[in-house]
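As the structure is a prediction and not an experimental result, all values here were calculated from the model.
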Amino acid sequence: SVMQRTGGLDWSTQPKVFKHYPDAVNLPLPAPLELAGVSTGEAIEAARTAVFDFLPQPITLEELSTLLYMTNGVTRLVRYPGLMHYLRAAPSAGALYPTVTYLVVRDVTGLDPGLYHYDVRGHALNLLRADRSLYRELAALTAYQQLIEHAPVTFVFSTIFFRSSWKYKERSYRYCLLDAGHLAVQTSLTAAALRMGSVPLGRFADTALNSLLALEEGKEGALLLLPVGRPLAAAQPAATSNGFISQPKELNGEAHQLVHLMHGNTYLQLSGEAVKQRSATAPLDKPYPESTRIPLAAERASGDDLLATIRRRRSTRRWQDVALSAG
């Protein structure tokens, strides 16, 4: 195991799993919706629909609360002697929770536009910067700018490297990426259940985005953006997008040096040029021509309501010793 190979964990340096902004205005969120009336299977199918733009409509604070809670909210408390463990909506390797969720709000009813941090433990928002034009600053740093410009809210997922590196060392970078992916997928599924759409965006100017979020780059870096809103029907993709070039950057911090090396060498910066977007292509399957083909059932069970399923799923699960059928 990792602990055997490294001689055990240094518990004196164990990182905290919640980020705090003690000087920020804290805004409690309303209770999230209990049910969406959309099954897990229906939400998965709906989330597969391509989104090219958003309607100029706000979303409600209750909808935002539900999105955040189902992304990574605390779904159960487990008490141990001298310790409270907060189980969350999304899985996380080693229950280390390296991903931090920020919001760039453009049009949410009852919420000032600007930059917010999601206070997971309190299910609240920390207002970091009130700014009606912040979404335009963000859009200028990303590909597919119109998505950011028109979305009522954009989720920005970052990772705090040492939270995972403390235990998993050089391999932790994989878990950081997986962790952010778990949150993004649950946000997308919840958006679909609320009759919204979303688009994951991984091309952005790293240094500029980290600066916009006021992140200390040796400790934390942005990984993924996810604009969310009501999709515009029959929209066509924009003809051009911001162009980017590689800009490797040397990072230093308490995380494993290979984590900093891997992350820093993937940095991008704006090229100052516009590039024509390519048309969507169907993904290619890997062929296995000599293998036996086993047809799977075309009909799949839809499952329970998505929101109820996420509440039960949690970041720590108990498995039942029950066989699965081929269907």
Legend entry - Test ring pair (Phe, Tyr, Trp, His ring centres under 6.0 Å) applied to Tyr86 and Tyr97, step by step: CA-CA 11 Å; Tyr86 297 82; Tyr97 310 112; 9.6 Å; no

Inset, instruction - Applying side chain to side chain contact (heavy atoms under 4.5 Å, CB included), run through His117 and Val100 and close with a yes or a no. - result: CA-CA 8 Å; His117 161 257; Val100 181; 3.6 Å; yes

Legend entry - Derivation of the side chain to side chain contact (heavy atoms under 4.5 Å, CB included) call for Leu111 and Leu125: CA-CA 10 Å; Leu111 202 58; Leu125 293 176; 3.7 Å; yes

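Interatomic distance, OG1 of Thr159 versus CG of Leu224, reported as 11.5 Å (0.5 Å rounding). We find the CZ-CG distance between Arg129 and Leu134 to be 4.5 Å, quoted to the nearest 0.5 Å. The CZ atom of Phe54 sits 5.5 Å away from atom CG of Leu147, with the distance rounded to the nearest 0.5 Å. Atom SG of Cys176 is separated from atom CZ of Arg163 by 10.0 Å, given to the nearest 0.5 angstrom. Distance check, rounded to the nearest 0.5 Å: OH of Tyr102 to CG of Leu115 gives 8.0 Å. Asp131 contributes atom CG, which lies 14.0 Å from atom CZ of Arg106 (distance to the nearest 0.5 angstrom).
When only modelled atom types and interatomic distance are considered, Thr71 and Thr187 share a side-chain donor-acceptor pair under 3.5 Å. No side-chain N or O of Asp206 forms a donor-acceptor pair with one of Gln247 less than 3.5 Å apart.
In Arg132, the CZ atom is not crowded: 12 or fewer heavy atoms of neighbouring residues, nucleotides or ligands sit closer than 6.0 Å. Surrounding NZ of Lys249 are more than 12 heavy atoms belonging to other residues, nucleotides or ligands, all under 6.0 Å away.
For the residue pair Gln186 and Pro91, the shortest heavy atom distance occurs at OE1-CD, 4.2 Å. In terms of heavy atoms, Leu215 sits closest to Ser158 at CD1-CB, 4.2 Å. Nearest heavy-atom pair, Leu87 versus His85, reported as atom, atom and distance to 0.1 Å: CD2-CD2, 3.2 Å. In this structure, Gly243 and Val275 approach most closely via the heavy-atom pair CA-CG1, 4.0 Å. What you find for Asn265 and Pro248 is that their closest heavy atoms are OD1-CB, 3.8 Å. Of all heavy-atom pairs between Leu67 and Ala191, the closest is CD2-N, 3.6 Å.
Between His20 and Arg121, the closest side-chain pair of non-hydrogen atoms falls below 4.5 Å. By the 4.5 Å heavy-atom criterion applied to side chains, Gln145 and Ser241 are counted as neighbours. When side chains are defined from C-beta on, Phe155 does not count as touching Leu183, because their heavy atoms never get closer than 4.5 Å. At a threshold of 4.5 Å between non-hydrogen side-chain atoms, the residues Tyr116 and Asn126 do not count as touching. Proximity of Leu64 to Leu103: side-chain heavy atoms (C-beta onward) are separated by under 4.5 Å at one or more points. Residues Leu61 and Leu29 are in side-chain contact: their nearest non-hydrogen atoms beyond the backbone lie under 4.5 Å apart. You'll find the side chain of Phe204 stays beyond 4.5 Å of the side chain of Val156, heavy atoms only.
Remark: Arg203 is not positioned above the aromatic ring of Phe244, lacking an NZ or CZ atom under 6.0 angstrom from the ring centre and at most 45 degrees off the axis.
Cluster annotation: Leu225 is connected to Leu212 through the hydrophobic network of ILVMFWY side chains, with a link wherever side-chain heavy atoms come within less than 4.5 Å. Under the 4.5 Å side-chain heavy-atom criterion for ILVMFWY residues, no single connected hydrophobic cluster contains both Leu189 and Leu178. When the side chains of ILVMFWY residues are joined at heavy-atom separations under 4.5 Å, either directly or via intervening members, Leu83 and Val78 end up in a single hydrophobic cluster. In the hydrophobic clustering of this structure, Tyr168 groups with Leu9; members are Ile, Leu, Val, Met, Phe, Trp, Tyr whose side-chain heavy atoms approach within less than 4.5 Å, directly or through other members. In the hydrophobic clustering of this structure, Leu213 groups with Tyr135; members are Ile, Leu, Val, Met, Phe, Trp, Tyr whose side-chain heavy atoms approach within less than 4.5 Å, directly or through other members.
Between the side chain of Asn210 and the main chain of Ala222, a donor-acceptor pair closer than 3.5 Å is present. The backbone N or O of Arg136 sits nowhere less than 3.5 Å from a side-chain atom of Ser133 that would complete a donor-acceptor pair. Within the 3.5 Å criterion, the main-chain N or O of Lys169 finds a donor-acceptor partner in the side chain of Ser172.
By the 30° and 60° cut-offs, the orientation of the rings of Trp11 relative to Trp166 is perpendicular.
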Taking only distance into account, with no hydrogens and no angle test, what donor-acceptor pairs under 3.5 Å do side-chain atoms of residues 304-312 form with protein atoms, sequence neighbours excluded?
{"residue": "Asp304", "atom": "OD2", "partner": "Arg312", "partner atom": "NH2", "Å": "2.9"}
{"residue": "Asp305", "atom": "OD1", "partner": "Ala36", "partner atom": "N", "Å": "3.3"}
{"residue": "Asp305", "atom": "OD1", "partner": "Leu307", "partner atom": "N", "Å": "3.0"}
{"residue": "Asp305", "atom": "OD2", "partner": "Ala36", "partner atom": "N", "Å": "3.1"}
{"residue": "Asp305", "atom": "OD2", "partner": "Gly37", "partner atom": "N", "Å": "2.7"}
{"residue": "Asp305", "atom": "OD2", "partner": "Val38", "partner atom": "N", "Å": "3.4"}
{"residue": "Thr309", "atom": "OG1", "partner": "Thr40", "partner atom": "OG1", "Å": "3.1"}
{"residue": "Thr309", "atom": "OG1", "partner": "Asp305", "partner atom": "O", "Å": "2.9"}
{"residue": "Arg311", "atom": "NH1", "partner": "Tyr69", "partner atom": "OH", "Å": "3.4"}
{"residue": "Arg311", "atom": "NH2", "partner": "Leu33", "partner atom": "O", "Å": "3.4"}

Please list, one pair per line, the donor and acceptor atoms closer than 3.5 Å that link side chains of residues 251-264 to other protein atoms, with sequence neighbours excluded.
{"residue": "His256", "atom": "ND1", "partner": "Leu258", "partner atom": "N", "Å": "3.0"}
{"residue": "His260", "atom": "NE2", "partner": "Gly253", "partner atom": "N", "Å": "3.3"}
{"residue": "His263", "atom": "ND1", "partner": "Tyr173", "partner atom": "OH", "Å": "2.8"}

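Each of Val105, Val153, Thr66 was evaluated against Ile59; a single residue qualifies, Val153, per the side chain to side chain contact (heavy atoms under 4.5 Å, CB included) test.
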